[in-house]
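Data block below; observations after.
When a ligand or atom number is given, it counts from 1 through the structure's own listing order. As a basis for the values below, the full set of heavy atoms in this structure was taken, side chains included, without hydrogen atoms, waters or symmetry mates. The structure presented is a predicted model; accordingly, all values stated were derived computationally and were not measured.
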Amino acid sequence: MSARKTDENGTPADTITFLGTAGARFMVSKQLAASGGMWLDWNGTQVLIDPGPGCIVQATKRKLNAEKLSAIIISHRHLDHAADANVMVEAMTNGGFKKHGRLFAPADALGPEPVIFSYLKSYIEGITVLETETTYRAGNISFRTSVKHVHQVETYGMVFESDGQMIGYVTDTRYFEGLAKSYAGSDLAIINMVLTEPRPPVDHLSVPDVEKLLGEIKPKIAILSHFGMHVWQARPWLVAEEMSQKTGIRVIAARDGMKYDLAQLKEGQV
Ligand SMILES: [Zn+2]
């Protein structure tokens, strides 16, 4: 048996929880799946990534305590990635009474139409503007932004690193040459896959794009999320299974509330 770290309830200490798997407008507005983003709890640090609509509902339902967050990270200003930023800042700081934590977001998420209300800015330690291919730190986790994605608004994916392991988060983008190199070395690749087939000019990844990316990134394991309607109808877990067979890389489809145990990356149990 491995000496796996657990918390006081016996659940794995190092996890990523999927607070939603819905991507793009229709899935989100109909809430066919939840859309709350991801909660990373790693090496004693907790960060929230892309708090979409319903994040507060999903997080509290899963007994995740926002006051323990060190940071909220927003990859881009679209609603399905940032709608609950304000309420999560309030929850992180206990209504402003416990000032702490940092918000990370690209410059255009903070411009004339900011994703965060001005009165909430004083609740946190500060805001860091994300730039391309730059390394940042939140507690025990460091993360490096990707090249700029091609996605209507200023968008960066990121590679999180802690304890010698790397988790790539390929957020919304269209496929382009040079995308994969930002995520090289990721042990786990989390990929937002909205489409079954490329649908230009829609700036989202499709099944063939993701297959190509997996061949380039070569992670130990990939988790697909952020499903559009067509992927949903094709059943994401079947799409993932087929992709595994085609690429030889273990691919799984996230489910709402899924908690992935990051200790598996280290132990080679993927
Ligand atoms: Zn988007």
Next on the checklist: Keeping to distances under 2.8 Å, can you name the protein N/O/S atoms close to the Zn ion (ligand 1)?
Outcome noted: His76 NE2, His78 ND1, His151 NE2, Asp172 OD2

Item to check | Asp209: partners by salt bridge (Lys or Arg N to Asp or Glu O under 4.0 Å), with sequence neighbours left out | outcome: none

Checklist entry - Looking just at side-chain N and O atoms, do Ser75 and Asp50 make a donor-acceptor pair shorter than 3.5 Å? => result yes

Checklist entry - Among the clusters formed by ILVMFWY side chains lying less than 4.5 Å apart, do Leu19 and Met92 turn up in the same one? => result yes

Next on the checklist: Which residues end up grouped with Trp237 if you chain together Ile, Leu, Val, Met, Phe, Trp and Tyr wherever their side-chain heavy atoms are less than 4.5 Å apart?
Outcome noted: Leu238

Checklist entry - Is a side-chain donor-acceptor pair under 3.5 Å present for Lys259 with Thr17? => result yes

Next on the checklist: Lys61: which residues meet the salt bridge (Lys or Arg N to Asp or Glu O under 4.0 Å) condition with it, sequence neighbours left out?
Outcome noted: none

